[in-house]
Amino acid sequence: MQSPPDGFEPVVTHMTETVGAAPLVVVAYGIIWAAVLLYLWILHRRQARLRTEIDDLSRRLAEKPRA
Amino acid sequence: MDPRRDTVPAAVTFLRDAGLVFRKDLLVEARGKEVLAPMLFFSVIVVFVFSFGFAGDGAAGADLVSGMLWVGLLLASTIGIGRTFEREREGETFRALLLTPASRAAVFVGKLMSILVFIALAEAVVVPLLVVLFGAPLFEHPFRLLALLALGTVGLCAIGALLGATLMRTRGRDVMLAIALYPLVVPVVLAGSRGTAALLDHDLAGADLWLRFLLAFDAVFVVLGLWIFEPLVSEA
Amino acid sequence: MSQKTFSIGTLLAALGMLAAPMLIFLSAPVEREMGFVQKIFYFHVPCAWLMFLFTFVCAAGSLAFLVKSSRRGDQVAAAAGELVVLFGLLVLLTGPLWARKAWGRWWVWDVRLTSSLMLWMIFVAYLLARQYGGPAARRLAAGLAVFGAAEVPLIYVSVNIWRTIHPKTEVVRTLDPGMRPAFWTSFAAITMLGLLLFALRLALERARSDVEDLYLATED
């Protein structure tokens, strides 16, 4: 295993050996999936809010007496 | 209106207008001193804050001194740019400036030049201060140091002036200015700081590399700035 | 975008996102030197490419907005700006996960990651400017996007010069042919996904713009 570049040395070297690759990979893919789904959900919520606004405004416009 | 305007080449008009804006700023400042005095004091106190924060044992190597210089300059520039445009906003003078026949680009260059002068004065204070406090041999390669400072300051101020002008009517402007400015000028601070550190370590080749980088950076952003200054600043 | 195009796009993206992991984990060989953790790259690299793509899309939209007062340009920029931050975040989160295994530390000032980080910060500032920039919010943000895009090569060069003094952490090697199907499938899948998200976000932005118009109409 190559030594890390300049700066602080890792405090306890054996820690790196006990961190397996598999959990890191799983977390990485998990983050990507979670982020994408979260973003989709956020977009969905904003769209729903917009839709109620549009309905409300259209109604108000229809009720307005034309000048 | 100058009837001779049509016969004078555009470049001359441009320079003349920029010069007029520049002169106006200096005159106003000479009377009110509201930009320079706070900025100079701020620069000095920042150096001391850094000294106590980073160089607790009273010694500072090349890296630290360079960092203090450039981060200090960044902070002082933010203050200077903010105050300059605050003054314009309070006097409603900027709108008047934009209504003159002078091209927007000329106004931008004139403003930029006056901001540069203010920052240069702050540098004239901070650099000797650092030499005195930490014995840093900053004056050993004076021309390169001057070039670094000049190019770095132009980079900082070109972007800063553009953003400052855009933000003039925004409340909480100073915070927004910092938020927008700092990410954009990281390469300048990096180049300036590393270049100065190289000078202090007598690595002239390294310093020259950073100087070339700053030159390229400035070229890109001064041109870009001139081009989009008008749409950025006009109140759509 | 028509409903049909949208449905096809969604289907392709979904299929791609299912196929990619299968290829990555079942067919692509494990990298000799880096080991299993290298698998992160199949998603990390496409996210980085999308981050840069949307940077330039945002800048283009911003330029159109600034120079030609194009409302459409502003909408495109708004959507693209968010996606720069989204995919940038993914790059910056997956990179350290790899680094932790390869170098024992979460952050090693690798040239590419550091440059991506700075670009990401510029676009986070972009979103903040849009939200909190006051009356000049859109113009300020547009300026940020244009400058940010112009800085892509400059940031990289400056960080590169900086890091040549320290040992480089060269990460991406040439791709073994056994890895290519997995890589390009992931690339296509994530790109499809990114374009889909962009289309959704853009549609949202246009709807929001329409709502603003409606507000103005009711106030007459």
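Naming: A, B, ... by sequence-line order, numbering from 1 per chain.
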Heavy-atom cut-off 4.5 Å, strictly under: side chain, backbone, both or neither for B:Phe221 against chain C? side chain

Where on B:Ile179 is there a heavy atom nearer than 4.5 Å to chain C: the side chain, the backbone, both, or neither? both

Is the C:Phe52-C:Phe56 ring centre distance short of 6.0 angstrom? no

Contact class of C:Leu119 relative to chain B, heavy atoms under 4.5 angstrom: neither

Establish, from distance only, whether the side-chain atoms of C:Thr191 and C:Trp49 form a donor-acceptor pair under 3.5 Å. yes

Looking only at B:Pro187, B:Gly225, B:Ala191, B:Gly206, the option with the highest number of non-hydrogen pairs under 4.5 Å against chain C is B:Pro187

If you check every heavy atom in residues 84-94 of chain C against those of chain B, which residues fall under 4.5 Å? none

For the residue pair C:Trp109 and C:Trp107, does the interplanar ring angle fall in the parallel (under 30°), tilted (30 to 60°) or perpendicular (over 60°) class? perpendicular

Report the relative orientation of the aromatic rings in C:Trp98 and C:Trp103; use parallel for angles under 30°, tilted for 30 to 60°, perpendicular for over 60°. perpendicular

For the residue pair B:Lys111 and B:Phe229, would you count it as a cation-pi contact if the rule is NZ or CZ under 6.0 angstrom from the ring centre and within 45 degrees of the ring axis? no

Is the C:His44 ring parallel, tilted or perpendicular to the C:Phe41 ring (thresholds 30°, 60°)? perpendicular

Name the option with the most non-hydrogen atom pairs under 4.5 Å to chain C; the candidates are B:Leu167, B:Leu184, B:Val220. B:Leu184

To the nearest 0.5 Å, atom CD1 of B:Ile159 lies from atom OG of B:Ser77 at 11.5 Å

Option in C:Pro135, C:Ala129, C:Gly134, C:Gly148 with maximal non-hydrogen atom pairs under 4.5 Å from chain B: C:Pro135

Can you confirm if the NZ or CZ of C:Arg100 lies within 45° of the ring axis of C:Trp106 and under 6.0 Å from the centre of its six-membered ring? yes

Please tell me if the side chains of C:Phe123 and B:Pro183 come closer than 4.5 Å, counting only heavy atoms from C-beta onward. no

Name the region of B:Leu232, side chain, backbone, both or neither, that has any atom closer than 4.5 Å to a heavy atom of chain C. both

With only heavy atoms counted, which part of B:Leu162 is less than 4.5 Å from chain C, the side chain, the backbone, both or neither? side chain

Assign the ring pair B:Phe213 / B:Phe217 to parallel, tilted or perpendicular, where the plane angle (0 to 90°) is split at 30° and 60°. tilted

